[in-house]
Amino acid sequence: MENKDSYKYLFDTILNNTVDMLFIVDKNRHLVYATPSCYKTTGYNPEELLDRDLFLMLHPDDKEYMLQRHKNLLDSQKKNSTEYRIITKGGEIRHFECKTTPLPDTENYLQVVSVRDNTERKLMEIELESRKNRYQVLQESLKNFSGDLSLVMKLADLEDRLIKELETILPGSEPNLLSFDLKDFSNVSNELPPEFANLKVGKIETIKKKTFIKIGELKRKVYILSLNAGAVHEKMESIWLETFSQYTMMVFENLHVIENLIMQLEETMQNWETPQWVLRLLFNLQEQQRMTLSSDLHDTVLQDQIDLYRRLESLLNKYEIEKDSKAKLKEIEQGLLDIIHKIRVTCNELRPPLLRELGLERALENLFEHIQVTSTFKINFTAENTSFLNFNEEQTIGIYRIVQELLNNAENHSRASVLNFNIHCNDFQLKMEYTDDGIGLDTVKLNPSFNSMGLTGITQRVQSLGGKIELFSKPGNGLKVFIELPINDKRGLL
C-alpha cells in the first residue's frame with residue numbers, strides 16, 4: 001500500500017510541475033483531463049474547459065486544418081504531430097506543438113495529447129525570417145541602385161533615382177535634396193542651422209529629428225540629403241543608408257568630373273579636333289550600349305518569340321485544324337522563325353559571341369563565312385604572325401568593328417565582286433590591308449558618300465586605338481585601305 005501511495009505522490013508531483021501540458025480528450029475533443037500547466041498557460045480555469053470542445057481556443061486561421069487533422073487521426077488510428085496557434089483567455093496568441101496518441105479501444109475513443117508551448121521559439125523564428133527578408137531587400141536595393149547609377153548623366157536624374165529609392169526602402173522618410181549657395185553655406189547665414197557648418201561629406205548627422213548627409217559640391221552649390229530620422233529603425237537600415245550615401249557621393253563626384261570634361265571638350269571642338277581619349281570614351285560607351293541592347297533583346301523579345309513559336313507549334317500538332325486555316329497558321333509559324341533568326345543575328349552583330357572565346361582571327365573567319373552565305377561578293381582573308389598577339393577586349397572589338405564597317409561599305413555601296421583582307425604583324429605594327437574591285441569614290445573631294453559609307457567611323461576607330469589609316473580610291477578603280485596599329489604603344493594594342 002505504501003508503494004502505491006508513493007507512486008501516486010510521485011506521479012502527481014510530475015504532472016503538477018511539468019512545464020509541458022498533457023490533455024486527455026474524447027472523440028468530440030471534449031476535455032477529460034488536463035495538467036495544471038494547461039490552465040496556467042491558457043488562462044482558463046478547470047470549470048471553463050472541462051467537458052468542452054478545446055478547439056474553441058484555436059486561432060481562426062488554424063481551425064479548418066485542425067478539424068481535418070482530427071478526423072484523419074480518428075480514421076487512421078495512428079499518432080501524429082503538428083503545430084498550431086491558440087488564443088488565450090487574455091487574448092494573447094500562443095504557438096503550440098503537439099503529439100497526439102489515439103486510444104481506439106477505450107470508451108468514447110480517448111486521445112492523449114502532449115503539448116509544448118513554443119511561442120518564444122516561434123516568435124524568434126519569425127523575427128529572424130523577417131530580418132533575413134529585410135536584409136535581402138536592402139541588398140537587392142543596393143544592387144539595383146548601383147546598376148542604375150551607371151546610366152545617370154545629370155544631377156536631376158540622380159536626384160529622381162535616390163528620392164525614389166529612399167521612399168521605397170524607408171517609408172515615411174520624406175527625402176529631399178537640399179541645395180545652398182556655397183557662399184551662404186560657408187558663412188552660415190540666418191537661413192541655415194548653425195550645425196550645418198560642421199557637416200562633412202558623407203557623414204550622417206541627426207539634427208532635430210532630421211537626418212542630414214552632405215553629398216558634395218557642384219557649380220558653387222552645396223547639396224545635402226535630408227530625411228526623417230525616425231524612418232531608420234534598425235542597425236542594418238543605418239548601414240544600408242551609409243552605403244547608399246557612398247554610392248550617391250561617388251556618382252555626384254563623377255558628375256563633377258563629367259562637367260569639367262565637357263568644358264574641355266567644348267574648347268577642343270572649337271578647333272574642329274576630336275581628342276583620342278574622347279573617341280575611346282565614345283566608342284566604349286557605344287559598345288556598352290550595344291551589349292545592353294543585345295542582352296535585353298536576347299532575354300526579353302527573343303524569349304517571347306520562341307515561347308509564341310512553341311505554343312503555336314504545339315497547337316498545330318495537338319489539334320485537327322481545317323486545311324486553309326492550318327496553312328495560314330503555318331505561314332505565321334514560319335514568320336516567327338524568320339523573326340527569331342533575325343533577332344539572333346542582330347544580337348550577334350551587337351555583341352559578337354566568339355570574340356572573347358575564340359579570339360580575333362577565328363571570330364573574323366566566322367564573320368566572313370556568315371557574310372559569304374548572303375552576299376554576292378567573294379571574300380579572301382589571310383592572317384600572318386598574329387597568333388602571339390594578346391589583344392584586350394577594347395582592341396579586339398575595335399578591329400572587329402573596322403572590318404564590319406568595310407563589309408557594310410562593300411555590301412551597300414561599292415558593288416564589288418571580290419574583297420581582300422590581310423592582317424599581319426611587322427616592325428612592331430599590326431597592319432591590315434583591304435582592297436576591293438568596286439566602283440570606288442573620290443577621296444579628294446570627301447563628298448557626302450564618304451561619310452555615308454562609314455569610312456569616317458573607320459578613321460575615328462583607328463585614331464582611338466592610336467593608329468594610322470590611308471585610303472586610296474578613284475571612281476571606277478575600287479578602294480584600298482591601309483591601317484597601322486601600334487603594338488608596344490600603351491595607347492595601342494599591347
Side-chain angles (χ1 to χ4, degrees), residues 7-138 140 171-172 233-237:
Y7 285 130
K8 182 178 183 304
Y9 173 77
L10 181 60
F11 182 70
D12 289 342
T13 300
I14 293 173
L15 292 180
N16 291 333
N17 292 280
T18 183
V19 176
D20 291 348
M21 294 171 281
L22 188 66
F23 299 101
I24 297 179
V25 297
D26 62 20
K27 64 181 180 180
N28 296 318
R29 304 178 302 279
H30 287 187
L31 182 64
V32 176
Y33 170 81
T35 55
S37 56
C38 163
Y39 307 113
K40 181 178 180 182
T41 301
T42 64
Y44 293 95
N45 58 48
E47 291 75 18
E48 293 174 307
L49 292 182
L50 284 175
D51 201 28
R52 294 191 62 186
D53 185 354
L54 291 185
F55 277 18
L56 293 174
M57 293 188 293
L58 282 176
H59 191 287
D61 294 344
D62 296 343
K63 193 165 186 177
E64 184 177 349
Y65 160 72
M66 291 297 290
L67 286 171
Q68 184 61 46
R69 171 187 172 273
H70 183 259
K71 181 179 182 303
N72 294 340
L73 181 137
L74 295 180
D75 293 342
S76 67
Q77 300 183 3
K78 295 180 180 179
K79 65 176 67 176
N80 64 24
S81 304
T82 192
E83 293 185 352
Y84 59 92
R85 293 164 292 175
I86 72 159
I87 301 177
T88 67
K89 187 176 180 179
E92 181 186 6
I93 298 176
R94 307 291 297 180
H95 295 260
F96 289 165
E97 59 179 345
C98 76
K99 295 181 180 179
T100 305
T101 303
L103 304 174
D105 296 332
T106 58
E107 183 180 355
N108 211 11
Y109 203 153
L110 300 179
Q111 300 123 58
V112 179
V113 185
S114 176
V115 181
R116 173 166 293 179
D117 186 346
N118 65 349
T119 302
E120 291 185 5
R121 178 177 65 83
K122 203 68 179 178
L123 292 179
M124 186 175 294
E125 289 177 357
I126 294 173
E127 176 67 15
L128 288 174
E129 184 67 21
S130 174
R131 287 178 174 271
K132 175 185 174 184
N133 294 337
R134 183 59 172 165
Y135 176 79
Q136 290 176 341
V137 167
L138 297 178
E140 191 67 21
H233 302 288
E234 301 179 13
K235 179 66 175 177
M236 69 173 73
E237 292 177 340

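The shown structure was predicted, so the numbers you read here are calculated from the model rather than taken from an experiment.
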Exercise. Is the count of non-hydrogen atoms from other residues, nucleotides or ligands lying under 6.0 Å from Gln136 atom CD greater than 12?
Worked result: yes

Exercise. Around Glu127, counting heavy atoms of other residues, nucleotides and ligands shown, do more than 12 lie under 6.0 Å from its CD?
Worked result: yes

What distance do [X] atom [atom1] and [Y] atom [atom2] have between them, rounded to the nearest 0.5 Å?
| X | Y | atom1 | atom2 | answer |
| --- | --- | --- | --- | --- |
| His59 | Ile93 | NE2 | CD1 | 4.0 Å |
| Cys38 | Asn45 | SG | CG | 10.5 Å |
| Gln111 | Gln77 | CD | CD | 11.0 Å |
| Arg116 | Cys98 | CZ | SG | 12.5 Å |
| Tyr39 | Leu49 | OH | CG | 6.0 Å |
| Thr101 | Leu73 | OG1 | CG | 8.5 Å |

Problem set entry | Contacts of type side-chain contact (heavy atoms from CB on, under 4.5 Å), residue Met236, not counting sequence neighbours | Arg131, Arg134, Tyr135, Leu138, Glu234

Do any N or O atoms from the side chain of [X] and from the backbone of [Y] form a donor-acceptor pair under 3.5 angstrom?
| X | Y | result |
| --- | --- | --- |
| Ser130 | Ile126 | no |
| Tyr109 | Leu74 | yes |
| Asp62 | Arg85 | yes |

Problem set entry | N-O pairing of Arg121 and Glu83 below 4.0 Å | yes

For this session: Before accepting this row, confirm whether a basic side-chain N of the pair Glu92/Arg94 lies closer than 4.0 Å to the acidic partner's carboxylate O.
Result: yes

Problem set entry | Stepwise side chain to side chain contact (heavy atoms under 4.5 Å, CB included) check, Met21 with Thr41 | CA-CA 9 Å; Met21 294 171 281; Thr41 301; 3.9 Å; yes

Of all heavy-atom pairs between [X] and [Y], which one has the smallest distance, and what is that distance?
| X | Y | result |
| --- | --- | --- |
| Tyr84 | Ile86 | CE1-CG2, 3.5 Å |
| Gly43 | Glu48 | O-OE1, 4.5 Å |
| His70 | Asp26 | NE2-O, 4.4 Å |
| Thr106 | Leu110 | OG1-N, 2.9 Å |
| Leu22 | Val112 | CD1-CG1, 3.8 Å |
| Thr35 | Asp20 | OG1-O, 4.0 Å |

Exercise. Which is it for Thr100 and Lys79 under the side chain to side chain contact (heavy atoms under 4.5 Å, CB included) test, yes or no, and what are the steps along the way?
Worked result: CA-CA 5 Å; Thr100 305; Lys79 65 176 67 176; over 6 Å; no

For this session: Decide yes or no on side chain to side chain contact (heavy atoms under 4.5 Å, CB included) for Leu128 and Lys132, but give the supporting numbers first.
Result: CA-CA 6 Å; Leu128 288 174; Lys132 175 185 174 184; over 6 Å; no

Do [X] and [Y] come within less than 4.5 Å of each other through their side chains, counting heavy atoms only?
| X | Y | answer |
| --- | --- | --- |
| Tyr65 | Thr82 | yes |
| Asn80 | Arg69 | yes |
| Lys99 | Val113 | no |

Problem set entry | Pairs satisfying salt bridge (Lys or Arg N to Asp or Glu O under 4.0 Å), at least one member in residues 28-47, at least two apart | Arg29-Asp53

Exercise. For residues Tyr44 and Thr88, is any side-chain donor paired with an opposing acceptor at under 3.5 Å?
Worked result: no

Problem set entry | Modelled atom types, side-chain donor and acceptor of Glu120 and His95, under 3.5 Å | no

